[in-house]
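First up is the structure itself, then whatever we jot down about it.
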Amino acid sequence: MSNPADLSLPGIANLHSHAFQRAMAGLAEHRTHPQDSFWTWRELMYRFAARMDPDTTYAVASQLYAEMLEAGYTTVCEFHYVHHQPDGRPYDDPAAMSRALAAAARDTGIRLTLLPVLYMTGGFEGEPLSPRQQRFGHDVDGFLRLLELLRRLQDDMLRVGCAFHSLRAVPEEAMRRVLEALPQDAPVHLHIAEQVPEVEASLAVRGERPVQWLLRRFAVDRRWTLVHATHLDADEVRGIAASGATVAICPTTEANLGDGLFPLRDYLDAGGRWGIGSDSHVSVSPVEELRWLEYGQRLASLRRNVAASGAEPRVGRALLAGVAASAPDASGFADTAGDRLLLDGRAPQLAGAGAGDLAERWLFAGNRPLVRETRVGGRLRVADGRHVDAEAIAARYGVAMAKLLRD
Ligand SMILES: [Zn+2]
């Protein structure tokens with residue numbers, strides 16, 4: 001028998017989540033257009049976003065966060081933009097949707113970095129939001145009021161940062177005003193350079209690529225997380241790495257949406273910091289994100305062990321070290337020593353495993369979930385592979401899904 005202490009690993013931070021999209025996982029895998037793409041998927045996503053309310057958001061996020069804990073995530077950064085009622089009017093409590101997410105995190109026991117998203121325009125030229133985007137929108141003053149309200153909820157399990165949806169959706173002046181008002185300890189996240197048409201539109205309107213534009217105009221540093229950053233030129237790769245910012249790579253979603261492959265090896269060679277996110281939740285598993293991050297690189301480069309280096313030749317350990325190094329800045333949680341996973345010593349995949357090969361055995365030995373226990377802040381949240389409230393959470397999720405699919 002192995003000593004259980006040998007099968008313990010730090011919890012993983014999930015740097016990018018849109019909780020409501022968990023409810024549409026698997027529902028967009030049919031052809032709607034001869035050239036299906038991110039942009040046709042987005043139409044379906046908008047229809048789904050229109051159905052969410054605070055109750056269904058709570059039920060869906062609770063199921064999602066319980067699954068995250070079962071899979072080994074102990075922190076989630078929630079990039080939250082569905083703020084208002086479907087017609088765009090604020091709820092009586094303008095933070096009702098944010099509070100639903102905070103309640104789901106508190107009740108399941110995952111650490112939450114809530115990132116309310118500023119979303120103002122429908123394109124680089126300041127186009128107005130479309131009817132379906134109305135419930136995402138704020139002006140700067142309204143957004144700052146929401147931030148202020150949410151920051152009062154912070155405690156040792158909840159951090160409040162801020163997010164800009166993308167450079168398409170937030171004018172430069174609005175970004176500056178928010179950053180001036182934002183406390184220095186708040187993480188800042190934004191989607192950037194996920195799709196080639198976004199890079200082309202930025203070049204056409206601003207004469208610069210999105211990352212190039214951002215790095216020249218803003219003091220991007222360790223508090224920033226750039227989500228996706230898929231399409232980069234060599235200067236942008238070096239520029240992000242030198243800034244100290246984190247790139248949140250979301251391999252299963254980027255594959256699902258046909259985004260492209262992040263230039264991982266060049267970025268690591270430049271000393272870049274990175275983490276992973278499950279984003280649209282077509283998969284809720286750090287194993288799958290990290291495995292496909294590495295496998296994508298192998299398929300493209302015709303090499304093996306791409307994320308490994310001279311200093312850390314073991315690829316699993318190199319991957320886990322990468323996600324651990326960026327988590328405090330990207331999430332705002334500095335002390336997560338009590339966030340631990342215990343892998344299942346009874347699993348054949350781990351027979352004879354020890355500290356020397358545990359990371360590789362976890363990440364590269366099949367699909368049976370191997371997390372047996374998850375503790376967050378020392379508290380047991382997953383026992384014998386199941387969230388301690390799994391049944392009640394799943395029952396509530398089933399009711400919410402019936403409602404969402406009926407409406
Ligand atoms: Zn996203």
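Note that ligands are numbered from 1 as they come in the structure, with each ligand's atoms numbered from 1 the same way. Source: prediction; values computed, not measured.
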>> Please identify which of these residues, His281, His80, His191, His189, meets the ring pair (Phe, Tyr, Trp, His ring centres under 6.0 Å) condition with His16.
In response: His191
>> Any carboxylate oxygen within less than 4.0 angstrom of a Lys/Arg side-chain nitrogen, looking at Glu180 and Arg176?
In response: no
> Leaving out waters, which are not shown anyway, how many protein N, O or S atoms lie closer than 2.8 Å to the Zn ion (ligand 1)?
Replying inline: 3
> Should the ring pair His18 and Tyr81 be called parallel, tilted or perpendicular, given that the plane angle runs from 0 to 90° and is split at 30 and 60?
Replying inline: perpendicular
>> A quick test of your reading: do over 12 heavy atoms of other residues, nucleotides or ligands sit less than 6.0 Å from CH2 of Trp292?
In response: no
>> With a 4.0 Å cut-off on N to O distance, would you call Arg386 and Asp384 a salt bridge?
In response: no
> Pick one: which of Asp55, Asp92, Asp93 meets salt bridge (charged side-chain N to carboxylate O under 4.0 Å, His left out) with Arg99?
Replying inline: Asp93
